[in-house]
Amino acid sequence: MRKLSGFLVFLLIIAFVFGIIGCDDDPSGSNPVDEFAQYYAPTFRANNNGTVDVINPTQHNMLLFRRGALINSSILGGVRAGGTAQINFSDNNDFIVGGYEIIYAIKQSEYETARGNSNIDYSAMVTYRNNSRFRITLQSRYDGNFEYILFNRSTDWPMELRKNSIDGEKIAFLARGEGYHRVYSGTSEPFIGYPAWIAYNNLTRAITTFVPTGSLAFGPQTIQPKTTPDDFYFPSGGITTINFDVEIPFATIVVTNNAPLSSQSGYFRNAGNRYTPQSSYPLITSGSVESFEIRSTGASMNLNIALGIMQDIIVPVREESNPSIQPTIENGWYYTVELNFKASGDPDDVNDYTAWLVKAQQINPTQFVTAE
């Protein structure tokens, strides 16, 4: 009996030790289960089949929310520190034709503590559409010892701040009329901040970038993060909120790749210079639709789609009515291009492809451009 009682005591001690070890992952010591682990699983909301890729180069696990209330039911998914995750919007009723969403990224540690009052680390407007991809890279706006404060003076349109060029890294997203948007930085080195006002265009089914018209000082500003931060107003030249008319200084060209083979994926180019589509994925894959903002100088352009592993099949993008002449595009217009491959054609023969440029419609901001 004594030997049996001693063995039972030994088992109880082992169970107690493992019980303590199992609680180490829980700060409260009351529940060893991570309630947020489910959101990082690829199968959550079938995110493994999602079309929006989220890259997280920060050192923080990030939860991703739909715009609106910061509650568990608004969580779209999660992306681990240093990882990449997908977000699925196929349950939205406009997924086939295309739509947009504004998403928030919040540190898990922040949400665990503050819940609905959490600070939003990063926000962005993303688009989704069947067979089309979109990619964003998160930043943590609360990391670093230096900071600056941004103000979007437009009461109508959200604004992105881009680094060192209008096509540069997107470092901040401000809602309509948003002010006191603090951004922290790990360095005090100055950079040029380019404002880009954006909205979703119901005609092109893409995000549209535009600038104010008239005499407003809407251009870039030199920003230097400091320990005592400076304020930066966009447009500059005042501190009050403003309304402005919209100018669209580029043409929007939507390219559809109808070629059936993966080897028929390609790059949209002017001569040998590749364009990067709105999605941030340069390659137009078979079956996909990509949107490009291309600024016209009024001169003709050698537009083409380069196909194949070596991009040595160069399909000219031309107007069908005059295929021998390089086309001229106009800013403020919406164009379409469909890459088609002849039935029973030779994938290596450029003559078996067509890519006709169609001038579809002038973009009317008051009718087609929307933002919420």
Side-chain angles (χ1 to χ4, degrees), residues 54-58 62 67 100-106 119-127 134-200 206-212 216-244 246-250 276 278-280 293 295 369 371-372:
V54 182
I55 301 169
N56 181 11
T58 77
M62 294 283 195
R67 58 185 166 176
Y100 79 97
E101 186 68 81
I102 295 173
I103 63 173
Y104 305 141
I106 299 174
N119 289 316
I120 298 171
D121 254 73
Y122 190 79
S123 54
M125 180 184 285
V126 302
T127 65
F134 192 93
R135 176 171 61 185
I136 61 170
T137 301
L138 303 182
Q139 293 193 27
S140 176
R141 60 182 271 215
Y142 293 103
D143 284 350
N145 298 319
F146 308 96
E147 60 181 310
Y148 49 95
I149 303 174
L150 304 175
F151 294 79
N152 177 13
R153 295 178 63 207
S154 171
T155 57
D156 293 322
W157 311 109
M159 186 196 88
E160 289 179 345
L161 188 71
R162 302 178 180 181
K163 189 173 185 178
N164 291 332
S165 79
I166 192 63
D167 299 314
E169 176 186 359
K170 300 173 183 179
I171 57 177
F173 174 92
L174 280 73
R176 296 177 294 179
E178 181 179 353
Y180 299 98
H181 185 99
R182 290 181 175 268
V183 181
Y184 288 76
S185 171
T187 174
S188 62
E189 290 187 9
F191 65 91
I192 307 298
Y194 283 76
W197 284 270
I198 63 172
Y200 183 73
I207 294 174
T208 294
T209 306
F210 50 85
V211 297
L216 290 170
F218 57 81
Q221 298 182 50
T222 300
I223 295 176
Q224 183 174 13
K226 298 178 179 178
T227 52
T228 303
D230 292 330
D231 297 341
F232 295 92
Y233 294 85
F234 296 95
S236 60
I239 60 174
T240 59
T241 56
I242 59 169
N243 299 301
F244 54 72
V246 169
E247 176 184 331
I248 302 176
F250 49 79
T276 300
Q278 179 199 92
S279 68
S280 298
E293 291 182 350
R295 288 166 174 80
V369 179
E372 296 181 8

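Nothing here was measured: the structure is a model prediction, and the numbers come from that model.
- Heavy-atom minimum distance, Met62 versus Ser140: CE-CB, 4.2 Å.
- For the 3.5 Å distance criterion, the side chains of Asn243 and Thr155 qualify, holding a donor opposite an acceptor.
- Residues Leu138 and Val54 form a side-chain contact, since some pair of their non-hydrogen atoms from C-beta on lies under 4.5 Å apart.
- The two residues Ala172 and Leu174 make their nearest non-hydrogen contact at CB-CD1, 4.1 Å.
- Here the side chains of Tyr104 and Arg67 are in contact, with some heavy-atom distance below 4.5 Å.
- Note that the CZ atom of Phe232 and the CZ atom of Phe151 stand 11.0 Å from one another [nearest 0.5 Å].
- Looking only at side-chain heavy atoms (C-beta outward), Ile106 and Asp121 stay at 4.5 Å or farther from each other.
- Using a 4.5 Å cut-off on side-chain heavy atoms (C-beta onward), Ile223 and Leu161 make contact.
- In this structure, Ala199 and Met125 approach most closely via the heavy-atom pair C-SD, 4.2 Å.
- In this structure a side-chain-to-backbone donor-acceptor pair under 3.5 Å is present from Arg153 to Thr240.
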query: What's the verdict on side chain to side chain contact (heavy atoms under 4.5 Å, CB included) for Thr208 and Phe250, showing C-alpha distance, side-chain angles and the deciding distance?
result: CA-CA 10 Å; Thr208 294; Phe250 49 79; 4.0 Å; yes
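- Here the shortest heavy-atom pairing between Ile166 and Pro195 reads CD1-O, 3.7 Å.
- With hydrogens and angles left out, the side-chain atoms of Asn56 and Thr58 include a donor and acceptor closer than 3.5 Å.
- Residues Asn152 and Trp197 have side chains that bring a donor and an acceptor to within less than 3.5 angstrom of each other.
- Inter-residue side-chain proximity for Asp230 and Tyr148 is flagged as unmet; no heavy-atom pair is nearer than 4.5 Å.
- Using modelled atom types, no side-chain atom of Arg182 and backbone atom of Tyr142 make a donor-acceptor pair closer than 3.5 Å.
- The CD atom of Glu147 sits 10.5 Å away from atom CZ of Arg141, with the distance rounded to the nearest 0.5 Å.
- Between Phe191 and Ile171, some side-chain heavy-atom pair lies under the 4.5 Å cut-off.
- One finds the CZ atom of Phe134 at 6.0 Å from the OG atom of Ser280 (value rounded to the nearest 0.5 Å).
- Ring-centre distance between Phe146 and Tyr184: not below the 6.0 Å cut-off.
- Taking CG of Leu150 as the start and CD of Glu178 as the end, the distance is 9.0 Å to the nearest 0.5 Å.
- Using modelled atom types, one side-chain atom of Asn164 and one backbone atom of Ile192 make a donor-acceptor pair closer than 3.5 Å.
- The side-chain heavy atoms of Tyr200 and Thr127, taken from C-beta on, include a pair separated by under 4.5 Å.
- Across Arg295 and Pro249, no two heavy atoms sit closer than the pair CG-O, 3.1 Å.
- Put simply, the side chain of Ile103 reaches to within 4.5 Å of the side chain of Ile136, judged on heavy atoms.
- Atom OG of Ser188 is separated from atom NZ of Lys226 by 10.0 Å, given to the nearest 0.5 angstrom.
- Note that CE of Met159 is 8.5 Å distant from NE2 of His181, once rounded to the nearest 0.5 Å.
- The backbone N or O of Ala124 lies less than 3.5 Å from no partner atom in the side chain of Glu160, so there is not a single donor-acceptor pair.
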Chi angles and distances behind the side chain to side chain contact (heavy atoms under 4.5 Å, CB included) call for Phe244, Phe210: CA-CA 11 Å; Phe244 54 72; Phe210 50 85; 4.3 Å; yes
- prompt: After noting the C-alpha distance and the side-chain angles of Val246 and Val369, does the key distance pass the side chain to side chain contact (heavy atoms under 4.5 Å, CB included) rule?
  reply: CA-CA 10 Å; Val246 169; Val369 179; over 6 Å; no
